[in-house]
Amino acid sequence: MKLAMLAGTRPDIIKLAPIIKECLRRNISFKLIYSNQHYSSYLSSIFFEELSLPMPDYFIDNSLPTNKQKEELAKTLKDQEIDYFMVHGDTNTALIGAMAACKTNVKIIHVEAGLRSFDLNMIEEKNRIIIDHLSNIHFTVTSVQNKNLLNENISNKSIHAVGNTIVDAVYDFLPEARRKSSILDKLKIKDSSYYLFTSHRASNVDGRNELIETLKLVESLSETTVWPIHPRTSKRIEDYKLSIPENVIILEPIGYFDFLIVLENAKLVITDSGGVQEEAYLLKTPCMTIRNSTERPETLAGDANVLVGRDIEVLQKYQSRNVHYYPDCIGDGRTAQKIIEILFSYE
Ligand code: UDP
């Protein structure tokens, strides 16, 4: 098997890390292709070093027109005689990768397949659907995604529910994060005395009115709130000449170890991120998702995650609540191992 993997964003790198490490552990050779979807290194490239991952073998310049990126990717896959190409998640990079690979004879593997928010206003939802329909092998999290794919007439034979690699990543990196991160001291905050906030989804930050509502929601929070701000969001705040509420400790995007520690020790996290909903569940930090839908419905069980839109009253109603966590709800920490074993059964 000649395997290549494609990463473009911080969640791709974090969630592919367990698969990369499993390949290294088993001496399986692979090529890592990196398309720098984000301009800030704290949104992606810094993670290779922090997570002790090998540097990518190939780089695709994502400022190139989409067609050019597809051509370059297809050429790399052909030159390297790749026969299995792994893409992750729902980013534009993953979509470009899948489109490039379907011009060749390469088998496309989609990790985190079958996630559906059923909200076609989200570009991510459109990407997920197209990537799934171009893919030959689908690694899903639970039977929920299996059902979504079967409903779209994707062949049962190609679908494997293996859990989410984020569980492997959190279990693997948390002990090191606890040893190395001093972020709480640096910020002079104590555990369970603050909230964590993240937001970068188009629906919350792209339009002026929506962004004003998002900021009002932050202002309404009753605790000091740590906000590692996404460049997309800070740019919009600047463009619209808005200001950040005073109850906020604003940070540039932070590294993964620091983020895990800030999340683990927060009293509550308010987010529109996909990955953060999952990590909050794993770290048992109650989560409020500032969206009306989620493609991660498993996290809603036991009220661990509550969808609040941008409704301040709903948020206030649910900010203190009893939460129940179900073990192994989105994986048991052996997802990468399962993925590799299943892949080799295809040969
Ligand atoms: N993350 C991070 N530093 C930050 C904010 C987030 O390391 O300042 C991590 C977080 O732990 C999660 C991932 O980035 O694993 C989520 O990324 P993002 O919210 O950009 O993407 P999404 O999951 O919504 O696709």
Side-chain angles (χ1 to χ4, degrees), residues 7-18 36-51 53 87-95 111-112 115 117 119 122-128 131 141 164-174 176-177 180-181 183 186-187 195-206 214 225-234 248-266 269-283 285 287 289-291 293-296 299 305 330-331:
T9 58
R10 67 184 170 194
D12 291 341
I13 303 169
I14 293 166
K15 290 176 170 183
L16 286 176
N36 193 357
Q37 186 168 319
H38 289 128
Y39 38 91
S40 151
S41 69
Y42 261 97
L43 276 185
S44 44
S45 46
I46 192 101
F47 291 95
F48 289 103
E49 202 181 311
E50 186 176 28
L51 307 185
L53 299 173
V87 300
H88 169 268
D90 54 23
T91 56
N92 292 341
T93 298
L95 177 64
V111 176
E112 237 187 31
L115 263 63
S117 64
D119 176 2
M122 292 178 76
I123 181 72
E124 295 90 340
E125 181 77 354
K126 292 179 186 160
N127 290 351
R128 287 178 198 122
I131 298 165
V141 180
N164 198 309
T165 55
I166 193 68
V167 185
D168 308 30
V170 170
Y171 288 1
D172 190 19
F173 295 121
L174 187 61
E176 200 177 346
K180 290 188 174 167
S181 171
I183 184 134
K186 276 191 208 143
L187 297 178
Y195 290 171
L196 172 63
F197 182 81
T198 80
S199 175
H200 66 88
R201 292 261 100 79
S203 59
N204 284 326
V205 305
D206 274 5
T214 303
T225 299
V226 177
W227 183 358
I229 196 163
H230 195 285
R232 172 188 190 136
T233 311
S234 36
V248 168
I249 301 177
I250 205 86
L251 304 175
E252 294 287 310
I254 53 182
Y256 192 50
F257 292 166
D258 282 343
F259 192 84
L260 280 178
I261 295 306
V262 175
L263 177 57
E264 183 186 32
N265 291 286
V269 57
I270 302 106
T271 189
D272 57 18
S273 158
V276 176
Q277 291 174 63
E278 297 157 348
E279 289 163 339
Y281 195 96
L282 299 167
L283 297 171
T285 300
C287 182
T289 296
I290 46 169
R291 290 173 44 192
S293 63
T294 179
E295 57 292 327
R296 278 123 171 133
T299 61
N305 181 16
I330 54 168

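Note that ligands are numbered from 1 as they come in the structure, with each ligand's atoms numbered from 1 the same way. For this chain, numbers begin at 1 and follow the sequence in order.
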Which of the numbered atoms in ligand 1 are under 4.0 angstrom from any heavy atom belonging to Phe47? 7 (O)
Distance filter under 4.0 Å to Tyr256 heavy atoms, resulting ligand 1 atoms: 7 (O), 11 (O), 15 (O)
Please identify which atoms of ligand 1 are closer than 4.0 Å to at least one heavy atom of Arg201. 24 (O), 25 (O)
Within the structure, does Ile14 bring an N/O atom to less than 3.5 angstrom of an N/O atom in ligand 1? no
Under a 4.5 Å cut-off applied to non-hydrogen side-chain atoms, are Thr91 and Asn127 in contact? no
Here the atoms of ligand 1 under 4.0 Å from any heavy atom belonging to Pro228 are 8 (O)
Does Glu279, backbone or side chain, put an N or O under 3.5 Å from an N or O of ligand 1? yes
Does any N/O atom on Ile254 come nearer than 3.5 Å to any N/O atom on ligand 1? yes
Based purely on interatomic distance, does Gly274 place a nitrogen or oxygen under 3.5 Å from a nitrogen or oxygen of ligand 1? yes
State whether the shortest distance between N or O atoms of His230 and N or O atoms of ligand 1 falls below 3.5 angstrom. no
Is Phe197 close to Val248 at the side-chain level, that is, under 4.5 Å between some pair of heavy atoms? no
Does ligand 1 come near enough to Ser273 that some N or O of the ligand is less than 3.5 Å from an N or O of the residue? yes
Run through Glu278, Glu124, Glu279 and flag the one making a salt bridge (Lys or Arg N to Asp or Glu O under 4.0 Å) with Arg296. Glu278
What closest approach, in Å, do Leu187 and Val226 show between heavy atoms, and which atom pair accounts for it? CD1-CG1, 4.2 Å
Which label fits His230 and His200: parallel for a plane angle under 30°, tilted from 30 to 60°, or perpendicular past 60°? parallel
For Thr233 and Ser199, the nearest pair of non-hydrogen atoms, with its separation, is OG1-O, 2.6 Å
Any side-chain donor-acceptor pair under 3.5 Å between Tyr256 and Glu176? no
